Amino acid sequence: MAPVALKEIVQKVNANRQEEKFITSKLSLSIQTGDKKMALGGTLRMKRDDVIQLSLVTFGILEVARIEMTPDYFMLIDKVGRQYVKAAFSDISFLQSAGVDFGTLQALFWGELFLLTGEAPADNLFTKSVEGNSAKLVNTDGTHAVLTFLVNTLTGLVQQTSVSSHAAGAAPYLTWQYMDFASLGGRKFPTMYNITSGNQSRPFTLIFSLSSLRNDGGWETRTDLPVQNYTEVSAEKLLSKIINLTR
């Protein structure tokens, strides 16, 4: 397989977008902060342009948390502590300040190019360079951050996405690596995400291992939460509680 010409790399990556409307898989998740680790199982369910749903379980049967992201809201449910947050992305300060919305998260989970400006990723919007079989695509147009993508020039698949500030020489505060690609609907899809945060005050690593990839659409795309049985809290408080479980 010959490397993709640098002038054609963005077109090639965009052409590799998964065409299945639904993606479901079993999930193993490792969370690490400092020297503490926590392992969970569960499922990942996604419907293109509609929802990303994570169900996290312990002991193989007990659902302890659910995360549901749609174009309209971000929802995190702590089923053990009976707490939840459900809010628009623009109302969650750490997501709003980073310019993150549903489209951003969908592109990250699906292993695709994206721009924080909301534009479709096109060739003229990236500064490009190549080293060996990897191409580096950089977009600096976003108000909130600089995006850097590493792409395999042989396959046209995204290998890594990094998000950093505009400060010169700034280390990425989020790095999302893609590994172990498997076939789904005749195209490749990553079955491992290695996600690291460079936040010095609270660094963390998430490793998602996906298995049994399917294009199953037979599931409820919205969670019916009996709010009368749960206490609503801020996203910052609930995420801090979950992260602190590994400390």
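As the structure is a prediction and not an experimental result, all values here were calculated from the model. Side chains included, hydrogens not; waters and symmetry mates left out as well; all remaining heavy atoms used.
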Discussion item. Please determine whether salt bridge (charged side-chain N to carboxylate O under 4.0 Å, His left out) holds for the pair Asp50 and Arg222, giving the CA-CA distance in whole Å, both sets of side-chain angles, and the decisive distance to 0.1 Å.
Written reply: CA-CA 10 Å; Asp50 186 66; Arg222 297 295 184 270; 3.1 Å; yes
Item to complete: Might you work through the salt bridge (charged side-chain N to carboxylate O under 4.0 Å, His left out) test for Glu232 and Lys86, ending with a clear yes or no?
Response: CA-CA 8 Å; Glu232 186 172 12; Lys86 183 177 182 180; over 6 Å; no
Practice prompt. Could you go through the side-chain hydrogen bond (donor to acceptor under 3.5 Å, both in side chains) check for Ser30 and Gln32 one step at a time?
Written response: CA-CA 7 Å; Ser30 171; Gln32 180 173 347; 5.6 Å; no
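Taking OG from Ser134 and CG from Leu154, the interatomic distance works out to 9.0 Å, rounded to the nearest 0.5 Å. Note that OG1 of Thr70 is 9.5 Å distant from CD1 of Ile52, once rounded to the nearest 0.5 Å. Between the CG atom in Asp180 and the OG atom in Ser209 there is a gap of 8.0 Å [rounded to 0.5 Å]. The OG1 atom of Thr127 sits 8.0 Å away from the CG atom of Asn139 when rounded to the nearest 0.5 Å. The CG atom of Leu108 sits 6.0 Å away from the OG1 atom of Thr161 when rounded to the nearest 0.5 Å. Note that the CG atom of Leu184 and the CZ atom of Phe189 stand 7.5 Å from one another [nearest 0.5 Å].
Minimum interatomic distance between Ser129 and Leu6 (heavy atoms only, all atoms of both residues): O-CD1, 4.0 Å. Ala182 and Thr191 make their closest contact through CB-CG2, 3.6 Å (heavy atoms, listed as atom of the first residue, atom of the second, distance). The minimum heavy-atom distance linking Lys26 with Ser212 is given by the pair CD-OG, 4.0 Å. In this structure, Ile23 and Gln18 approach most closely via the heavy-atom pair CD1-CG, 3.8 Å. Scanning all heavy atoms of the two residues, the minimum distance from Leu157 to Phe181 falls at CD1-CD2, 3.8 Å.
Taking a cutoff of 4.0 Å between a charged side-chain nitrogen and a carboxylate oxygen, Lys136 and Glu131 do not qualify as a salt bridge. The pair Asp123-Lys128 counts as a salt bridge, with a side-chain nitrogen and a carboxylate oxygen less than 4.0 angstrom apart.
Judged by distance alone, the side chains of Gln83 and Thr231 never bring a donor and an acceptor atom under 3.5 Å apart. Side-chain N/O atoms of Arg214 and Ser25 include no donor and acceptor closer than 3.5 Å. When only modelled atom types and interatomic distance are considered, Gln160 and Thr175 share no side-chain donor-acceptor pair under 3.5 Å.
For the pair Arg48 and Trp110, the distance from NZ or CZ to the six-membered ring centre is under 6.0 Å and the angle to the ring normal is within 45 degrees. Relative to the six-membered ring of Phe22, Lys47 misses at least one condition, a distance below 6.0 Å or an angle of at most 45° to the axis.
A donor-acceptor pair is defined here as one N or O able to donate and one able to accept, closer than 3.5 Å; such a pair exists between the side chain of Thr153 and the backbone of Asn133. Under a 3.5 Å cut-off, the side chain of Gln106 and the backbone N or O of Asp49 do form a donor-acceptor pair. Asn194 contributes no side-chain N or O that, together with a main-chain N or O of Tyr178, makes up a donor-acceptor pair within less than 3.5 Å. Of the possible polar contacts, none joining the Tyr173 side chain to the Ser162 backbone as a donor-acceptor pair under 3.5 Å is found. A donor-acceptor contact shorter than 3.5 Å is absent between the side chain of Glu68 and the backbone of Phe74. His144 contributes no side-chain N or O that, together with a main-chain N or O of Ser165, makes up a donor-acceptor pair within less than 3.5 Å. In this structure a side-chain-to-backbone donor-acceptor pair under 3.5 Å is missing from Asp216 to Thr24.
Ring pair Phe109/Trp176 is perpendicular by interplanar angle, where above 60° counts as perpendicular and below 30° as parallel.
Residues Phe149 and Phe114 bring their aromatic ring centres within 6.0 Å. Taking the six-membered ring for Trp and the full ring otherwise, the centers of Tyr73 and Phe89 sit at least 6.0 Å from each other.
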